[in-house]
Amino acid sequence: MSQKKEYAVIVVGAGHAGCEAALAAARLGAETLLITMNISTVALMPCNPSIGGPGKGHLVREIGALGGEMPRCIDETCVQMKWLNTSKGPAVRSRRAQADKYLYRQRMLQTLFATPNLTLRQGHVTGLLVESGRIKGVKLETGLVFACEKLILTSGTYLNSRIILGRATWPGGPQNQSPAIGLSDSLSAAGVRLRRLQTATPPRILKSSVDINMMTELPGDIDAGGFLWENRLRRYEKQIPCYLTFTDERSVEAVRRNLSESPLVLENITDDGPKHCPSIDRKIIKFPDMVKHQVFVEPEGWDSQELYLQGLTTGMPPSAQQDIVGSVAGLENAVILRYGYAIEYDALAPGQIRKTMESRVIEGFYTAGQLNGTSGYEEAAGQGLIAGINAVLALKKQAPYWPSRTRSYLGVLVDDLSTWEKPEPYRITPGHAEFRLTLRDDSAERRLAADGFRIGLVDPERFSTIFAWSARIEGEIARLSTLSLLPSGEARERLARLATGDLKKPASGAELLQRPGVTYNDVMDLLQQPENARLSNVDEVYALETEIKYRGYADREAEKIVQTSFLERIRLPLEISDHRLNLLSEQSRQILSSCRFDDLSQMVRKHCLTRSEIAILLSVLSEDGDSQERHEETR
């Protein structure tokens, strides 16, 4: 029986981006082949054993709302779940889960094998098959050739990668896996521009060699709930703590003693690396007067004897690592099981991907993950999901999908990536999302579940349940605006007891809830509403309270959201013949008719148009839209 050699979609690489891309494509009905160099390292976590955090946790919630797999997998395999930024506003609050990285891989692998339309096989892809600027398939080092209509490349940090450990360097990928050799040359031959990036990981130490009494214990939150909507009220009774310690003068001196062996000083590695998680040697070089740096000591699994030292990332040689680790409080006798190392790898040069994750150079070719110049499992998974969705939508000749940056962190991610020009890898943070007050963790399903249902990744039963949940919240918000509290003596006394000010005129339930310190149940008591007329689930109450208390701030964003959404709907390149466009500069006209940007919002945000040019263009587009509508009506 011959093996199938043609697939609708081929995904190369089975990291977090590849898994989401392959699952999305297969679940949407496309015959999909997922090729990985090592089946044993599917969904590998070669760096930090955690998922989530500010910005990243928002992404994971949104992946779940659209029907992706990462949140379900981490909810079922985490060893700790924790809420972050609880002392700050709801817009920046997020979950972070410590993963059992071994169970996570097993759980994801089982899902891949159990998914219809999806074939998983081990192999090393060394070349792309491209004809007339269109993808046709891939070639493996064994000589096997597989044809496809759409190809999604998610090679992570393996592409032409090498490991650096002080002065030593050799070809290798994460955890000393084999690098992907040959594919870089094939990409370059097809017109894809590449650049070199680097990343690094810290040493892992033996659990029993650590003195936790010298550290601060960081327990999880039992009632944190999961990332997936269905797990929002889940309780995690059994968890493993993390620990926090700090570097001191001894640590700084240890780094300085060994700086001559740092790859950054030796200059045997590119300087372009992650900005948000620099190595300990980079910290000392950039901030020589800073002595106290955080070191989080994190478990890697329920039964693992390895601990991860977040904050001590380095590619310095083993002797230096032992010197540095031993200088940290609680780690004086730490036994290093795996030394940290740096990796340098090929990634796409900026400006070559669309919001759909499709290449601007090769038709039918999509990329996702660290290949696109990002850092983090969550960013990779989000890109993979968008790539998988769009590959199948293109097969079905349907309109592409990318969420608006006004409605999701996923939208911010793909929008930023398609125009990213900075040298360092991109990492999502709340600071990237100008509409973050609207893009809160609690509103992910209300923003995106309908998209997931329309695309086909959220089944009707799940969507119906989520829709009913959302409708209860929206209905109660509307009802609160119709209920009023009159300024009677009794009402004013009750308000005084809440220490929330006086009442001199009638106020709606929504207005009362906007007062500081007043809860939903306080308002229900003030309005004398019976128990059966109230929301009872804590997550619904939280979402309602947050929505109403932040309504004033969100209203300030509303006008800007409308403007940005309007500009996003104007897709580029633009094909309009109007003599007034001659008033635009030659450069502006060229950009408008090119594939440099996906929509007008990007062009405006990159300051490629003057204010007067924007006014002219919007006038022309407005009239062209009216003409199009009249044409449609006469038809």
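Heavy atoms only: backbone and side chains are in, while hydrogens, waters and symmetry mates are out. Note that the numbering runs from 1 along the sequence shown for the chain.
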Student: CZ/Arg360 to CG/Leu348 distance, rounded to the nearest 0.5 angstrom?
Tutor: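 Rounded to the nearest 0.5 Å, the CZ-CG separation comes to 12.0 Å.
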Student: Measure the shortest side-chain to side-chain distance between Val295 and Leu244 over non-hydrogen atoms and say whether it is less than 4.5 angstrom.
Tutor: no
Student: Just wondering, do Phe296 and Leu218 contact through their side chains at under 4.5 Å, heavy atoms?
Tutor: yes
Student: So, does Glu20 use its side chain to make a donor-acceptor pair with the main chain of Glu69 at under 3.5 Å?
Tutor: yes
Student: Could you check whether any side-chain N or O of Arg195 sits under 3.5 Å from a backbone N or O of Pro423, counting only pairs where one atom can act as donor and the other as acceptor?
Tutor: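 Yes.
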Student: Counting only N and O atoms by type, is there a donor-acceptor contact under 3.5 Å from the side chain of Asp598 to the main-chain atoms of Lys355?
Tutor: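 Pair found, side chain donor or acceptor close to backbone of Lys355.
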Student: Between Asn390 and Glu358, is the side-chain contact (heavy atoms from CB on, under 4.5 Å) condition met? List the steps.
Tutor: CA-CA 8 Å; Asn390 280 297; Glu358 186 176 15; over 6 Å; no
Student: Ignoring hydrogens and angles, tell me if any N or O in the side chain of Thr245 forms a donor-acceptor pair with the backbone of Val328 under 3.5 Å.
Tutor: no
Student: Checking side-chain polar atoms at under 3.5 Å, does Asp281 have a donor or acceptor matched by the opposite partner on Ser262?
Tutor: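 Short answer, yes.
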Student: From Asn258 CG over to Ile280 CD1, what is the distance, rounded to the nearest 0.5 angstrom?
Tutor: 12.0 Å
Student: Output yes when a side-chain donor or acceptor of Thr154 lies under 3.5 Å from a complementary backbone atom of Val12, and no otherwise.
Tutor: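 Such a contact is found between Thr154 side chain and Val12 backbone.
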Student: Quick one: do Leu151 and Ile135 satisfy side-chain contact (heavy atoms from CB on, under 4.5 Å)? Show the steps, please.
Tutor: CA-CA 7 Å; Leu151 175 66; Ile135 201 72; 3.7 Å; yes
Student: If you define the side chain from C-beta out and look only at heavy atoms, does anything of Arg134 sit under 4.5 Å from Ser132?
Tutor: no
Student: Using 4.0 Å as the upper bound for N to carboxylate O, is an ion pair formed by Arg257 and Asp323?
Tutor: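 Arg257 and Asp323: salt-bridged.
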Student: Roughly how far apart are Leu128 CG and Leu187 CG, rounded to 0.5 Å?
Tutor: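 So the gap between those two atoms works out to 5.0 Å.
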Student: I need the Ile353 CD1 to Leu371 CG distance, nearest 0.5 Å.
Tutor: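 It comes to 8.5 Å.
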Student: If we ignore angles and hydrogens, is there a donor and acceptor under 3.5 Å between the side chains of Glu568 and Ser404?
Tutor: yes
Student: Is the closest side-chain heavy-atom distance between Leu66 and Leu410 below 4.5 Å?
Tutor: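 Result yes, sub-4.5 Å side-chain heavy-atom pair found.
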Student: Mind running side-chain contact (heavy atoms from CB on, under 4.5 Å) on Cys73 and Tyr104 for me, showing each step along the way?
Tutor: CA-CA 6 Å; Cys73 192; Tyr104 187 95; 3.6 Å; yes
Student: Tell me whether Arg256 contacts the main-chain N or O of Pro288 through its side chain, where contact means a donor paired with an acceptor under 3.5 Å.
Tutor: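 At least one qualifying donor-acceptor pair exists.
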Student: Considering only heavy atoms from C-beta outward, does the side chain of Asn85 approach that of Pro54 to under 4.5 Å?
Tutor: yes
Student: Hey, are Thr374 and Gln383 close enough side-chain-wise for a donor-acceptor pair under 3.5 Å?
Tutor: yes
Student: So how far is it from Tyr341 OH to Thr313 OG1, rounded to the nearest 0.5 Å?
Tutor: 10.5 Å
Student: Checking Phe227 against Arg96 for the side-chain contact (heavy atoms from CB on, under 4.5 Å) test, could you report, in this order, the C-alpha distance in whole Å, the side-chain angles of both residues, the deciding distance, and whether it holds?
Tutor: CA-CA 9 Å; Phe227 286 100; Arg96 186 188 65 209; 5.7 Å; no
Student: With no hydrogens and no angle check, just 3.5 Å: does a side-chain donor-acceptor pair link Glu298 and Asn48?
Tutor: no
Student: I'd like to check Tyr377 versus Cys47 (side-chain heavy atoms, cut-off strictly below 4.5 Å). Are they in contact?
Tutor: yes
Student: Nearest heavy-atom pair of Leu448 and Pro403: which atoms, and what distance?
Tutor: CD2-CB, 4.4 Å
Student: Got a donor-acceptor contact below 3.5 angstrom from the His58 side chain to the Ala91 backbone?
Tutor: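 Flag set: sc His58 to bb Ala91 pair under 3.5 Å.
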Student: Pairing donors with acceptors under 3.5 angstrom, does anything connect the side chains of Thr201 and Arg204?
Tutor: yes
Student: With rounding to the nearest 0.5 Å, note down the distance linking CG in Asp416 to CD in Glu421.
Tutor: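 Separation between the atoms: 11.5 Å.
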Student: Pick out which of Arg596, Gln352, Gln602 makes a side chain to side chain donor-acceptor pair (under 3.5 Å) with Ser418.
Tutor: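 Checked Arg596, Gln352, Gln602 against Ser418; only one passes side chain to side chain donor-acceptor pair (under 3.5 Å): Gln602.
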Student: Can Asn372 and Thr367 be counted as having a side-chain donor-acceptor contact under 3.5 angstrom?
Tutor: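 There is such a pair between these side chains.
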Student: Looking at every non-hydrogen atom in both residues, tell me the closest pair between Val291 and Thr247 and how far apart they are.
Tutor: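 Looking at all heavy atoms of both residues, the closest pair is O-OG1, 2.7 Å.
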Student: So, Tyr426 versus His432, ring centres under 6.0 angstrom or not?
Tutor: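 Yes, close enough.
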Student: Between Glu62 (side chain) and Ala444 (backbone), is there a donor-acceptor pair under 3.5 Å?
Tutor: no
Student: If only atom types and distance count, is the side chain of Ser161 paired as donor or acceptor with the main-chain N or O of Tyr158 below 3.5 Å?
Tutor: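 The answer is yes, because a donor-acceptor pair under 3.5 Å joins these two groups.
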Student: Could you tell me if the side chain of Lys136 sits less than 4.5 Å from the side chain of Val130, heavy atoms only?
Tutor: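 Counting from C-beta outward, Val130 and Lys136 never come under 4.5 Å.
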Student: Taking everything shown except Lys275 itself, do over 12 heavy atoms lie less than 6.0 Å from its NZ?
Tutor: no
Student: Please check this pair: side chain of Glu378 against backbone of Gly52, looking for a donor-acceptor N/O pair closer than 3.5 Å.
Tutor: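 Looks like yes, one N/O pair under 3.5 Å.
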Student: Minimum heavy-atom separation for Leu457 to Arg27, with atom names?
Tutor: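 Here Leu457 and Arg27 meet closest at CD2-CB, 3.8 Å.
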Student: Is the NZ or CZ atom of Arg407 both under 6.0 Å from the centre of the six-membered ring of Trp402 and within 45° of that ring's axis?
Tutor: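 So Arg407 doesn't make the cation-pi contact.
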